[in-house]
Amino acid sequence: MINIPFAKPSIGEGEIAAVIEVLKSGWVSQGPKVAEFERAFAGYVGAEHACAVSNCTAALHLALLALGVGVDDEVITVSHSFIATANAIRYCSAKPIFVDIDPETYNLDAARLESAISNRTKAILCVHQLGMPCDLPRIVKIAARYGLRVVEDAACGIGSEIRINGRWDKIGQPHGDIACFSFHPRKVITTGEGGMLTTRDPELDNNLRRLRQHYMSVPDTARHQSTQVIFEDYQKLGFNYRMTDIQAAIGLEQLKRLPDLVGRRRELASRYRALLSDIPGVIPPMEPEWARSTWQSYSVRLPEGKDQRRVMQYMLDMGVSTRRGVMCAHRESAHPPGTWTCGTAYRGHICGPGRCPSLWHSEAAQDHTIILPLFPLLTFEQQNQVVAALESALVHR
Ligand SMILES: *Cc1c(COP(=O)(O)O)cnc(C)c1O
């Protein structure tokens, strides 16, 4: 009986030794290891500044706050993303305005962006979905024309690259105002939980550093080292969104291994593409010639008329775990602590007066794609078994 998990983090002896070292050091909360991880991360993506936080959801929240997103502002994003993307906008009491995706790349369709802009629009929150870079040059250009800020949800994009003006850049310099990354175990590298914000702007970086730490004027690390008594103050509403040194120590080791981890993912992705070409009707993901994905997830579109759930169940019965396509926030009815009146939480958000955009491609992607196992520890033999299970499922279901 085969048993292929959907994802599995790759943790080495280096990570384990690094954690032990921190535990013995006497400083386990945000401290020198976090600072070291931030410098290494900034260096890797080519950013001026990097600020570590407790997870990417917190990073998205702080990015929007630092750019001045507030009550009744509108932020344009995709519904077709993990719920945290849209939720971060609502944390700021602002309103997500959803635009549809490009059905081939599963990323924000830049051609639809302008029609979503209103005089309340403050920012664009674009997503590099599953590690595939979105059309940043075009998005940034439109944002500049309308005076909008750009936040990149690069949760899955650590190691992704984009060709701009003939040069390959890492995602995260950033090309917008702020890029946000995740170190959740399902992402490309992990710290258990963790996030990072990168920016070119020292003032923004400074603001982010205060926001993540209760808006404290002098951090505890500085007070700890000082020979003078220092009284800190708290000039604004801040948060406790800190990363610990234990997590940062893991992150530093993972970062060293990142080129190998991404290389292995790319190898598996191109192998999937070759294997899947033998199965009629299955459409592998499209990588534009100006983009290089990390393949955080490998999502394939099922042949016309195939039932997603039945195919997935058949594969699970054969010992192969899959996931359905990326969710659509606008279809979720859970929560709102507010007064949204159009039936469901996120339906209320998209149906602005006179504006109810079609999210047809987003919904189709959720319903007709499945995500296949892809993680560095997956063997070629297991990968063959995944493809065989899919092939068999499509014959029998
Ligand atoms: C995983 C993910 C997040 C949330 O990241 P956390 O670190 O778990 O908070 C946000 N956006 C996208 C697109 C993601 O894939």
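Residues: numbered from 1 along the sequence shown. Since the structure is predicted, the reported quantities are computational estimates derived from the model, not experimental observations. All ligand and atom numbering here is 1-based and tracks the order in the structure.
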Side-chain donor-acceptor contact under 3.5 Å, Glu203 with Asn207: no

Would you check if the distance from the ring center of His61 to the ring center of Phe239 is below 6.0 Å? yes

Is a salt bridge present between Arg223 and Glu232, judged by a nitrogen-to-oxygen distance below 4.0 Å? yes

Numbered atoms of ligand 1 (with element) below 4.0 Å of Asn55, judged on heavy atoms: 7 (O), 9 (O)

Could you tell me whether Cys56 approaches ligand 1 through its side chain, its backbone, both or neither, with non-hydrogen atoms closer than 4.0 Å? both

N/O donor-acceptor pairs under 3.5 Å from side chains in residues 387-397, not counting sequence neighbours:
residue	atom	partner	partner atom	Å
Ser392	OG	Tyr314	OH	3.2
His396	ND1	Tyr314	OH	3.1
His396	ND1	Ser392	O	2.9

Considering both backbone and side-chain atoms of Ser81, is one of its nitrogen or oxygen atoms within less than 3.5 Å of a nitrogen or oxygen in ligand 1? no

For Gln213 and Arg242, which I'm curious about, is there any donor-acceptor pair between the side chains at under 3.5 Å? yes

Considering only protein heavy atoms, which is closest to atom 10 (C) of ligand 1, and at what distance to one decimal place? Asp153 OD2, 3.7 Å

Has ligand 1 got any nitrogen or oxygen that is less than 3.5 angstrom from a nitrogen or oxygen of His184? no

Selection from Lys187, His61, Gln296, Glu193 by shortest heavy-atom distance to atom 2 (C) of ligand 1: Lys187

Can a donor-acceptor pair be found between the side chains of Gln383 and Arg271 at a distance below 3.5 Å? yes

Measuring from non-hydrogen atoms of Cys156 to any atom of ligand 1, is the shortest distance under 4.0 Å? yes

Listing, residues 179-194 side-chain donor-acceptor contacts under 3.5 Å, not counting sequence neighbours, or none:
residue	atom	partner	partner atom	Å
Ser182	OG	His184	N	3.1
His184	ND1	Arg186	N	3.0
Thr190	OG1	Phe183	O	2.7
Thr190	OG1	Gly192	N	3.0
Thr191	OG1	Glu193	O	2.7

Heavy-atom contacts under 4.0 Å between Thr85 and ligand 1: side chain, backbone, both, or neither? side chain

Against heavy atoms of Ala155, which atoms of ligand 1 measure under 4.0 Å? 2 (C), 3 (C), 10 (C), 11 (N), 12 (C), 14 (C), 15 (O)

Enumerate the atoms of ligand 1 whose separation from the nearest heavy atom of Thr57 is less than 4.0 angstrom. 4 (C), 6 (P), 9 (O)

